[in-house]
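Along the sequence shown, residues carry numbers from 1.
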Amino acid sequence: MSGSFWRTVVRDAALIVVGSLIFAVGVDTFEIPNGLAAGGVTGLATVFYAMADAAGFYLPVGLQTIVMNVALLALVIRSGDRRYIARTAGGIVACGLLTDLLAPVLPVLSGEKDLLLCALWGGVVTGIGLGLVFRTGGNTGGTDIVSQLVARKFALPVGTAVIIVDGVIIAFSATVFTVEQALYAAVAMFICGKVIDAVVDGPRSARAAYIISAEHERIANEILYTLNRGCTELQARGVWSGAARPVLMCVLSRAESMRLKQIVADADPDAIVIISEVHEVFGEGFRQIEGDA
């Protein structure tokens, strides 16, 4: 096997361990001690942990997540993607073990005075941890798998299915904890999702611009030789007029998008310009795309 393969393996293993460590800090410090069952398998395990504690025995959260996810992992194995399966199994085991190992030694932030603070920081910290694991192309198991099955069974968007499944877990937590804690758990879940997106997509963002203008040749030249950016001409047709209307498409930075608007304004004030934000851009002039080795 090539050296690049092993570098990828080491990098992914490091991200999974570090991400799982950060995730464990988030749940052990902010969520579990304050009864914040913020969805997912960990949230369900938090509810069972509290029920067992009330009954007088100890039921580790991390061990529960591993057991639950082993059953769910059987569904992932059907995909046949060995790298994805290995990364997911690694994330499941690392998160579960570190959650239990760190619980006795980590400080606990009590939410008696400010439960919102615990929900916010719990969401941020767990989101960072899970985001690092997701960057490897794997995940930590959990209700995402169940949500995909629900979406397929009832013809729902996956995002809607995730909200439904996690919402049921949060609602269930209100029967063990309080409605207030369940509401704050929903806040933690929302923050966690946003932070995961930020970590996975990265801080880099660019703008994609689409320009429709009779002066498309002049504008294209300015983009190429003034902005030093690539430009692609797409062939389009006006539905009303039936005439050919070339559309220029280019991707540039935030600062360059301001210069582009000035270029278009100077060349054709009546041009149609559509600018949208994109989270990741790969290729010449941007980051090199990284595939699995």
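- In the model, Asp266 has a side-chain atom that pairs as donor or acceptor with a side-chain atom of Gln262 under 3.5 Å.
- Between Thr46 and Glu31, the closest side-chain pair of non-hydrogen atoms is not below 4.5 Å.
- We find the CG-CD1 distance between Leu44 and Ile170 to be 11.5 Å, quoted to the nearest 0.5 Å.
- Minimum heavy-atom separation, Leu248 to Ala220: CD1-N, 3.8 Å.
- For Thr65 against Ala45, the heavy-atom pair with the smallest separation is CG2-CB, 4.0 Å.
- Other members of a hydrophobic cluster containing Val239 are absent, since no ILVMFWY side chain comes under 4.5 Å of it, directly or through relayed contacts.
- Using a 4.5 Å heavy-atom cutoff, the side chains of Val41 and Asn69 are in contact.
- The number of heavy atoms from other shown groups lying within 6.0 Å of OH (Tyr225) does not exceed 12.
- Side chain to side chain, Asp12 and Thr136 fail the donor-acceptor criterion of an N or O pair below 3.5 Å.
- Tracing side-chain contacts under 4.5 Å through hydrophobic residues (I, L, V, M, F, W, Y), one reaches Leu120 starting from Val199; they form part of the same cluster.
- Counting all heavy atoms, side chain and backbone alike, Leu102 lies closest to Ala24 at CD1-CB, 4.0 Å.
- Tyr49 OH: 12 or fewer foreign heavy atoms inside a 6.0 Å radius.
- Rounded to the nearest 0.5 Å, atoms CG (Leu130) and SG (Cys95) are 6.0 Å apart.
- Of the possible donor and acceptor atoms, none in the side chain of Asn34 sits under 3.5 Å from a partner among the backbone N and O of Leu115.
- Linking ILVMFWY residues whenever their side-chain heavy atoms come closer than 4.5 Å, directly or via other members, places Val124 and Leu36 in the same cluster.
- At most 12 heavy atoms of other shown residues, nucleotides or ligands fall within 6.0 angstrom of atom CE in Met258.
- Atom OG1 of Thr88 sits about 8.0 Å away from atom CD1 of Ile16, to the nearest 0.5 Å.
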- After noting the C-alpha distance and the side-chain angles of Val133 and Phe23, does the key distance pass the side chain to side chain contact (heavy atoms under 4.5 Å, CB included) rule? CA-CA 10 Å; Val133 176; Phe23 172 80; over 6 Å; no
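- For Glu222 (side chain) and Ile263 (main-chain N/O), no donor-acceptor pair under 3.5 Å exists by modelled atom type.
- Atom OG1 of Thr232 and atom CG of Leu234 lie 6.5 Å apart (nearest 0.5 Å).
- Arg229 has its side chain out of reach of Val251: every pair of non-hydrogen atoms, C-beta onward, lies at least 4.5 Å apart.
- Hydrophobic clustering (side-chain heavy atoms under 4.5 Å, transitive across Ile, Leu, Val, Met, Phe, Trp, Tyr) keeps Met189 apart from Val168.
- You'll find the side chain of Ile32 reaches within 4.5 Å of the side chain of Thr99, heavy atoms only.
- Cluster annotation: Leu224 and Met249 are assigned to distinct hydrophobic clusters (Ile/Leu/Val/Met/Phe/Trp/Tyr, side-chain heavy-atom contacts under 4.5 Å, transitive).
- Under the 4.5 Å side-chain heavy-atom criterion for ILVMFWY residues, a single connected hydrophobic cluster contains both Met51 and Leu59.
- Although no hydrogens or angles enter the test, the distance criterion places no donor-acceptor pair under 3.5 Å between the side chain of Gln181 and the main chain of Ala174.
- In this structure, CG on Leu101 lies 10.5 Å from CG on Leu106, to the nearest 0.5 angstrom.
- Of all heavy-atom pairs between Cys250 and Cys231, the closest is CB-CA, 4.4 Å.
- Below 30°, between 30° and 60°, or above 60°: for Phe48 and Phe172 the angle between ring planes is above 60°, a perpendicular geometry.
- Looking only at side-chain heavy atoms (C-beta outward), Ile22 and Val125 come within less than 4.5 Å of each other.
- Under the 3.5 Å distance criterion, the side-chain polar atoms of Glu233 are left unmatched by any main-chain donor or acceptor of Val247.
- Residues Arg207 and Leu260 fail the side-chain proximity criterion, which asks for heavy atoms closer than 4.5 Å.
- At least one donor-acceptor pair under 3.5 Å links the side chain of Asp166 to the backbone N or O of Gly40.
- Across all their heavy atoms, Ala38 and Ala188 have their closest contact at CB-CB, 4.0 Å.
- Exactly one residue among Asn228, Ile211, Val264 makes a side chain to side chain contact (heavy atoms under 4.5 Å, CB included) with Ile223. That residue is Ile211.
- Of all non-hydrogen atoms in Cys118 and Phe30, the two that sit nearest each other are O-CB, 3.6 Å.
- Between the side chain of Asp100 and the main chain of Pro60, no donor-acceptor pair closer than 3.5 Å is present.
- Within the 4.5 Å cutoff, the side chain of Phe177 has heavy atoms near those of the Val47 side chain.
- Clustering of Ile, Leu, Val, Met, Phe, Trp and Tyr by side-chain heavy atoms under 4.5 Å joins Leu183 with Val179.
- Contact of the Ile196 side chain with the Phe134 side chain is registered, since non-hydrogen atoms from C-beta on lie closer than 4.5 Å.
- Note that CG of Leu98 and OG of Ser20 are 6.0 Å apart. Values are rounded to the nearest 0.5 Å.
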